[in-house]
Structures are given as C-alpha cells and as structure tokens.
Undergrad: 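Please see the structure below; I have some questions.
This is a predicted model, so every value here is computed, not measured. So you know, we letter chains A, B, ... as the sequences are listed, proteins then strands, and number each from 1.
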There are 4 protein chains.
Amino acid sequence: MSPRSRELSKQMKAESRKAVVSAALELFAKKGFSATTADEIAKKAKVSKGLIFTHFATKQDILLAIVDEQLERLFPIAFGNDDARSPRDKFLALINAWLNVMKDDPLLIRLTLQLNLDDAWRKLVKRKGKRYIEIYLGGLRDLIAQLGSKNPDLDCYLIAIFFDGIAANYTVAPELFPIDAVKDHFVEMLLSRWKKSPKR
Amino acid sequence: MSPRSRELSKQMKAESRKAVVSAALELFAKKGFSATTADEIAKKAKVSKGLIFTHFATKQDILLAIVDEQLERLFPIAFGNDDARSPRDKFLALINAWLNVMKDDPLLIRLTLQLNLDDAWRKLVKRKGKRYIEIYLGGLRDLIAQLGSKNPDLDCYLIAIFFDGIAANYTVAPELFPIDAVKDHFVEMLLSRWKKSPKR
Amino acid sequence: MSPRSRELSKQMKAESRKAVVSAALELFAKKGFSATTADEIAKKAKVSKGLIFTHFATKQDILLAIVDEQLERLFPIAFGNDDARSPRDKFLALINAWLNVMKDDPLLIRLTLQLNLDDAWRKLVKRKGKRYIEIYLGGLRDLIAQLGSKNPDLDCYLIAIFFDGIAANYTVAPELFPIDAVKDHFVEMLLSRWKKSPKR
Amino acid sequence: MSPRSRELSKQMKAESRKAVVSAALELFAKKGFSATTADEIAKKAKVSKGLIFTHFATKQDILLAIVDEQLERLFPIAFGNDDARSPRDKFLALINAWLNVMKDDPLLIRLTLQLNLDDAWRKLVKRKGKRYIEIYLGGLRDLIAQLGSKNPDLDCYLIAIFFDGIAANYTVAPELFPIDAVKDHFVEMLLSRWKKSPKR
DNA sequence: AATGAATGAGTCTTCATTCAT
DNA sequence: TATGAATGAAGACTCATTCAT
C-alpha cells in the first residue's frame, strides 16, 4: 500500500545495475562491444531490455561506466604497494599484485586489451590509466635500478610487454595457461640477471 | 571479348578485390570487424558497395579470406627458416623473421590479436596457425635446448608472450615503440642466460 | 479511518488529479499530445509517474478528461449570455465572453486548435462543441441580423474565423498580441457596417 | 551488366525522395509529426522504410526539409506581387495569391499552422517566414493606407488573422468551407470601409 | 493514495545484402 | 565487371503501463 521504502528501492536499482554491468563486461570482453547486443546483455543480466536504459543512456555508456568504475577500482590494487620492505620484496609484490588482478578479473583485463586495439577506444583507456601507470613505471624503474638492472628502461618495457603478453594468453583461456610457472620463470630470470651486479 | 580484354578484365577484377581486402584489413584491424561497415570498406577501397559482394558473398567472407590468404602468406615467412646455420643464428633468424613480419604487416598482426580476443574467431585463427605454430614451437624448443636453456618449455612460453606483448604495443603505435631495442635486449638476456651452460 | 482522514484522503486525491490534469494540459498544448511523455507530466505535476495511472487508465484518458471537463466548463462561459439587454449589448457580451475565455485559458484554446488540426481528434472536439456552437451560432446569426447585417451567414463565418485567427496568434504568445485593440477594431468595423441599415 | 546510367540513377533517387516528402507532408499535416511513424511514411510513399533514411538522416530532417523546401517555394508565390497595377488590384492580387496557395497546398498550410502551435517548432517556422512576411506586411500596410485605411496597422492584423482563421477551417475540411464567398465578403467589407475616405 | 523500478511492445535507425541496369 | 538505389531484418532506444510495496 505504501510505496517501497526508499532504502529497498535504492537497493533494487543498485542490484539491477550491477547485473547489467557484470553481464555487459563479460559479453564485451568475449564478443566485443559492437557485436554485443542490448538484448544479449539483458538476457544474461536477467533483466528486461528497457531496464538497461534506465541505468545507462546508451550502450556506449555501459562500456564507459565499466572503464570508469572497474578500471578505477583495479589500478590502486594493481599499483598500490606498501613501502615497508626490501626492494626485492617490493618488486615481487608489484608483480604479484598485477598478476592477482589478472587472475581475479580476467574479463576486465581482456576487455582492456581489446579496447587498446581499437582506435576509437584506446585513447580513453590510456588516459584513464596514465596517471597510475606513470607512477607505477616511475617506481618500477627505480626499483629495478636498485635491484641491479643495467638498463632499467628496457627492463621496464620488457616487464610491461610481459604483462600484455600474459594477458593476451591467460585471459582468453585461463585454465590452459600456466600463469604462475611462467611468472616465476620470468621473475627468476630477471632477478638472477640483476643479482650479478647489484647496486650496492 | 578478345583474349586481351578478357585478360584485362581478369586483372581489373583482381585489382578491385585486392583493394577491398586491403581496405577491409585496415578497418577491421583499427575498428574491429563488427564496427566496420561495408560502406566504409567500399569508400576506402574506392569501389562501389555492390562490387564488394561480387568478390565476397558476405562481410564475414572478407575476414575469412584475409585470414586464409594473408595469414597463410605470413606463416612461412615468419616460421620458415633455412637450416644451413648454427643454432644461435637460427634462433636469431627466427626472432627476426617474426619481428619483420610484424613490422611489414602490423595491421594483420593487430587483427590477429583482436581475433584471438574474440570467442567466436579465436578458434579459427588457432586452427589456421596451429600447424605452423606446432612445427615452429617444436623447432624452437629444440633450438633453445641446444642453446643451453634449462627449461625450454617455459622459455618458449616466454618468447611467445614476448611476441604477443610486443604486438599489443607495437601494432597500435609503431612509431612510439622501440621495437628493435627491446628485441635486442630480450634476445641478449636469453642468450647470456643460456650461454652459461650450453648443451655441448 | 476516521471520517476526517477519509475526507482528507479524498481531498488529496482530488488535488493530485488536478495537478496531473493541469500539467498535462500545459504540456499537451505546448508540445502536442504525442510528444508529451508521462514522465514529463509527472515531473511537472510533482507526483510520481505511477500516480498518474491511478487517476487515468491511459495517457489518452487524460486528454479525454481535459476535453470533457475543461471544454465542458468553458462552453457555458463562452456562450452563455444573459438575455436582459439590447442586441448590441448582447453581441458585445458574446464577443467579450469568448475573448475572456481565451485570455483566461489560452492553453486550453491552444489545445483545442491543435486537436482540430488532427484528424484523429477533430471529430471528438467537434462533437463536444457542436451542441453549444449550434446554439451559439444560431443565436449569433439572429443577433447579427437584428443588428443590420445584410448577410448574417457570411458574417458569422467571419466572426468564427476571427476567433480562430486570434486564437492561433494570441494563445501562442499572449504578451505579443494586442488582442483587445484588434477585437475593438473588428467589432467597430462590423457594427459601423451594420449600423447603416439597421433592422428597425 | 553495366551499371544504371548516372541519369537514371539520379532520377530514381529524386523520385523516391519526392514520394517520401509527399507522404510525410500529408501524414505530418493530418496526424502530427510525433504521431507519424516512419513505417507509415514508407507505406504511403510505397518505398521501404530503409530508403527513407538514405534521403534523410532522421525523421526530423524530413520535416526540416519540408519546411525548407516547400515553404521556401510557397512564400514567393504568396507574397510575390507584380507592381504594374492600381493599389486596389495589387491588394486583390495579394489576397488571391495567398488564397490560391492555401487552395493548392492545404496540407502544407495545415502543417504550418500546427508547427506554429508547437513551442519547439514555432521559432523555426517564424524564422523561415520572417523575411517574406516583413516585406509582405510592409507592402500591405502601405497598400492599405493608400486604399484609405484609417488604421493600417490594425487592418493588417485583421487580414493576418483572417488568413489564419481561414486556414484553421479550410485546410482541415476544404470541401466544407466556402472559402471564396467568405473571402469576397471580407474583401468587400474592407474595401467599402476604406473607400469612404480614400487617401487622396 | 503513492512510489518508482521494472517490463516489453513499439519506434527510429543502421547496415548487410540484393538487384536492375 | 561495376554501380548505387532499394530492401528488410536486426539493433538501439523510448515510453506507456504494471506492479510490488
């Protein structure tokens, strides 16, 4: 008789929004943005098609929201490092943080890769990530130098490439890719190389 | 009517087909398959929209043809190595061949990456490449082992990842990525690591 | 529960209904029926969208109600003339009554004009107004004849047209149209014409 | 075998465009812009729905085109007067020109009336007509003064209103409205009034 | 009586594909 | 072989209406 409580109403809306975002993320990541229809998103999210557009004005806005919210959520996790450790531990923590992000949200990483391959979307993603990446790469460069790298710039490139390469393989078939073994192998290779001439 | 004109006619057809394929490749690589319209392809190829469909029954067939023809063309170049050399030279030749392919056809590599991120297309590309990749990886594994790798399997993964990571960065902005420096750095790192205990 | 609260409840309902009708009238008149959404009506009426449909089963019913109630309300005012005066005064009273209706409810008149231009709605409006208009025009015709018109039928048309023409201009921009001056001018013209040969 | 001649192709396109414009004009005039669907337009124009949008990017653009092209076409006819005559003949010519426009294109006039009643469209129509109307009303005012009007401004209003009032009645049911008789009656009334004190 | 989230039929618009020439 | 007008199925988006509370 009385209308739904303000609280309940808000909660319902938040839940349906989340369902839409989640369904869209999966479909965008697996089929691409353009190939994904609003109908499919609605079906997977188990809401009506119309409801999507009470949350987002356009299909594009769903992707925009994903990039805004989800990426924003991920960067701190991926790049946020605590300072109270040795350079080596810091380095390992960084690598592992990134890898955990990939393991926790492979779809999001896969989508990011996709957007990066798309002229129309690349800029947006770059802009979003730039702030974090600059800080990250700056810190990483110093760390690498401390660990004994002779050429921290190129090593940074190598690490960045490593992550993209892992992402391109792991996120499309997580169960088939030995992500941890490969990571350990790569890290060991780097560390053993640097160790030989550590910055005193 | 005369053999000459028939010849000419054939040639014109081949040329317009090539123009379509080339335009489609660029657009597919930069915007994605679904986001590319037949109109855009026709415009870029400077042919009429109708002509596209005399060459290819559907838009999908254009992509299929690209994958068939272009990829088919690339694999031998990328993986074809002449045998008359030392393992080290062979290894370098392999790496360089792949890199040259990327430098010569960044759009094609970019498209391949994209297709790999797409559930509906991944299988196709995998199938196409499988034969070559198996041979390639087999050969590479042996080569690496000969060069002193302690763990040729993981090193293979590393190299594969390296190429994907390079591709993800280089093909979207070739002018910004120091592809050769990074490659040299990576190769040097691998070789120096293996050198220490070469398989005699 | 108590009679008091039931009373209050009824009153509240009547008020919200009125708000809806009033908001709908303005929007229908300014944007047209089809271009007006239930959301807009709710917003302007400061009620929830759902409430609209407790008062009216369909959006159409709102317009129907406006026509029924409002037009019904207006006709007696516009056409109701008291008899205790000279033909000239009666004539002036009629004209002024109509004009006052227009000045009091320009939106309603504007809406009526609009409905008249719409094949699907014209009939309805015509039917509603017919009874009054027939009486009115009959009375007007006699009045005009008494005042000396040589051709009361055509003069009736002229007067009818005059009102529509005024309406088309005044109701869309009341502040810009010198409605009284124009009315006085028109009335004076008619009366001076008839005066020359008044039916004794 | 060879493509349609450039000529034929152009002609086809022009014809289908005309069919769309014509169908849209009728439907917009009779049902209103918002209540008219693209499907209806296509059906009445006997073209496919898709074809509409090769001519016009949006439904709105059809209306815009009608206003641009058709109104533009009408104004010179309605307001274009040849100078080589007496003021009285000029005046009659003006009135008749307007009336002929209404008789030739009642749907267009009806649509114009409708747009005038719509807040969102009124400005556009006003702007389109302003240039002509200013010239027209300026000329008319002088003409009226020459013909002996004591108050040319108010007489201009009267004439403008007369046209709008006629339009509101004639264009929705041309067969029912004695347009010529009413016009003659009105013109005679004005002229006889002015005659009594012509500007010498 | 009142709310606003949810629905889905309906509308506008796009675009791969066809077809007459 | 080549053209581009034409088609219509499919997709994005709107909005009157319903419904749980």
Side-chain angles (χ1 to χ4, degrees), chain A residues 1-6 8-17 34-42 47-60, chain B residues 5 8-10 12-13 15-17 34 36-42 47-60, chain C residues 5 8-13 15-17 34 36-42 47-60, chain D residues 1-6 8-17 34 36-42 47-60:
Chain A
M1 306 294 166
S2 44
R4 264 192 281 258
S5 78
R6 194 70 63 86
L8 178 58
S9 188
K10 238 179 214 170
Q11 189 189 320
M12 279 173 66
K13 193 157 193 182
E15 262 165 35
S16 68
R17 188 185 192 278
S34 294
T36 300
T37 70
D39 264 309
E40 288 172 312
I41 296 172
V47 300
S48 70
K49 191 171 18 158
L51 187 55
I52 293 177
F53 297 96
T54 66
H55 292 299
F56 305 97
T58 66
K59 195 178 79 163
Q60 238 200 93
Chain B
S5 77
L8 186 64
S9 174
K10 224 178 232 174
M12 281 172 66
K13 182 158 190 183
E15 260 167 34
S16 68
R17 188 186 192 278
S34 294
T36 300
T37 69
D39 263 307
E40 288 171 310
I41 297 171
V47 300
S48 71
K49 196 177 5 168
L51 187 54
I52 293 177
F53 295 93
T54 66
H55 290 301
F56 305 96
T58 68
K59 194 177 81 164
Q60 243 200 87
Chain C
S5 76
L8 185 64
S9 175
K10 224 177 232 175
Q11 188 189 320
M12 279 173 67
K13 180 158 192 183
E15 262 167 34
S16 69
R17 187 185 193 280
S34 293
T36 300
T37 69
D39 263 307
E40 287 172 311
I41 297 171
V47 301
S48 71
K49 196 178 4 167
L51 188 54
I52 294 176
F53 295 93
T54 67
H55 291 301
F56 305 96
T58 69
K59 194 177 81 162
Q60 241 199 90
Chain D
M1 308 292 168
S2 45
R4 268 192 279 259
S5 78
R6 194 72 62 86
L8 178 58
S9 186
K10 237 180 212 168
Q11 189 189 320
M12 277 173 67
K13 191 157 194 182
E15 262 165 35
S16 69
R17 187 185 193 279
S34 294
T36 300
T37 71
D39 263 311
E40 288 173 313
I41 296 171
V47 299
S48 70
K49 194 173 10 160
L51 187 54
I52 294 177
F53 296 95
T54 66
H55 292 299
F56 305 98
T58 67
K59 197 178 79 165
Q60 235 200 94

Undergrad: Where the side chain of B:V47 is concerned, which of F:dT3, E:dT7, F:dG11 is the nearest nucleotide?
TA: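 Among F:dT3, E:dT7, F:dG11, the one nearest the side chain of B:V47 is F:dT3.
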Undergrad: Give the nucleotide from the list E:dT14, F:dT7, E:dA20 with an atom nearest to the side chain of D:R4.
TA: E:dA20
Undergrad: I need the minimum non-hydrogen distance between D:S16 and D:V47, along with the two atoms involved.
TA: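 Between these two residues, the closest heavy atoms are CB-CG1, 4.4 Å.
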Undergrad: Please give, in whole Å, the distance from E:dC15 P to B:Q60 CD?
TA: 17 Å
Undergrad: Let's test your reading of the model: under 3.5 Å, does the base of E:dT17 pair with the side chain of B:K49 as donor and acceptor?
TA: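 Side chain to base: pair found, below 3.5 Å.
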Undergrad: Does F:dA5 have its OP1 or OP2 closer than 4.0 Å to a side-chain nitrogen or oxygen of D:S9?
TA: yes
Undergrad: Does B:S34 reach a base, just sugar-phosphate, or nothing at all? Heavy atoms under 4.0 Å.
TA: nothing
Undergrad: Looking only at side-chain N and O atoms, does D:T54 come under 4.0 Å of OP1 or OP2 in F:dG4?
TA: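 No, outside the criterion.
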Undergrad: How many Å lie between CE on D:M12 and C1' on F:dA5, as a whole number?
TA: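 Taking atom C1' of F:dA5 as the reference, CE of D:M12 is at 5 Å.
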Undergrad: Expressed as a whole number of angstroms, how long is the span from D:L8:CG to F:dG4:C1'?
TA: 11 Å
Undergrad: With a 4.0 Å cutoff (strictly under), does any side-chain N or O of A:S16 reach OP1 or OP2 of E:dA6?
TA: yes
Undergrad: Strictly by Watson-Crick or wobble contacts shorter than 3.5 Å, is anything paired with F:dT21, and which nucleotide is it?
TA: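 Looking at the geometry, F:dT21 pairs with E:dA2.
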Undergrad: When the nearest nucleotide of DNA chain F is assigned to C:K59 and to D:R6 on a heavy-atom basis, which residue is associated with the more 5' position?
TA: D:R6
Undergrad: Closest-nucleotide mapping onto DNA chain E: is D:F53 or B:G50 further toward the 5' terminus? I mean the 5' end.
TA: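 Comparing both residues, the 5'-ward one is D:F53.
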Undergrad: Whole angstrom is fine here: how far is it from NZ in A:K13 over to P in E:dT3?
TA: 16 Å
Undergrad: Which heavy atom in A:S34 sits nearest to a heavy atom in B:S34, and how many Å separate them?
TA: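 The pair with the smallest heavy-atom distance is CB-CB, 3.6 Å.
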Undergrad: Which one is paired to E:dT13, where only Watson-Crick or G-U wobble pairs with both distances under 3.5 angstrom count?
TA: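 Its partner is F:dA10 (Watson-Crick or G-U wobble, both distances under 3.5 Å).
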Undergrad: From CG of B:L51 over to P of E:dT21, roughly how many Å is that when rounded to an integer?
TA: 20 Å
Undergrad: From the options A:Q11, A:R17, A:K13, select the one residue that forms a side-chain contact (heavy atoms from CB on, under 4.5 Å) with A:E15.
TA: A:Q11
Undergrad: Rounded to the nearest 0.5 Å, how far apart are CG of D:D39 and CD1 of D:I52?
TA: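 Between atom CG of D:D39 and atom CD1 of D:I52 there are 8.0 Å.
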Undergrad: Indicate, with a heavy-atom threshold strictly under 4.0 Å, whether A:S5 touches base, sugar-phosphate, or nothing.
TA: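 A:S5: no heavy atom of the nucleic acid under 4.0 Å.
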Undergrad: Let me know the distance between CZ of A:F56 and P of F:dG11, rounded to the nearest Å.
TA: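 After rounding, the reported distance stands at 21 Å.
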Undergrad: Whole angstrom is fine here: how far is it from NZ in D:K10 over to C1' in E:dA20?
TA: 19 Å
Undergrad: Taking atom P of E:dA2 as reference, at what distance in whole Å does atom CD1 of C:I52 sit?
TA: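 Distance check: C:I52 CD1 to E:dA2 P gives 12 Å.
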Undergrad: Nearest-nucleotide wise, let me know which of B:A57 and C:H55 is further upstream toward the 5' end of DNA chain E.
TA: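 Taking each residue's closest nucleotide, the earlier one in sequence belongs to C:H55.
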Undergrad: What's the closest nucleotide to the C:T37 side chain, out of F:dA16, F:dA12, E:dA16?
TA: F:dA16
Undergrad: Return the nearest nucleotide to the side chain of A:P3; candidates are E:dA2, F:dA2, E:dA16.
TA: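 Selected nucleotide: E:dA2.
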Undergrad: Testing the basics here: between D:F53 and D:K59, what is the closest heavy-atom pair and its distance to 0.1 Å?
TA: CE2-N, 4.1 Å
Undergrad: Taking all atoms of both residues into account, what is the closest heavy-atom pair of A:A35 and A:E40, and its distance?
TA: O-OE1, 3.6 Å
Undergrad: Taking the side chain of D:S48 as heavy atoms from C-beta outward, which of E:dC15, F:dG8, F:dA12 is closest to it?
TA: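 Nucleotide nearest to D:S48's side chain: F:dG8.
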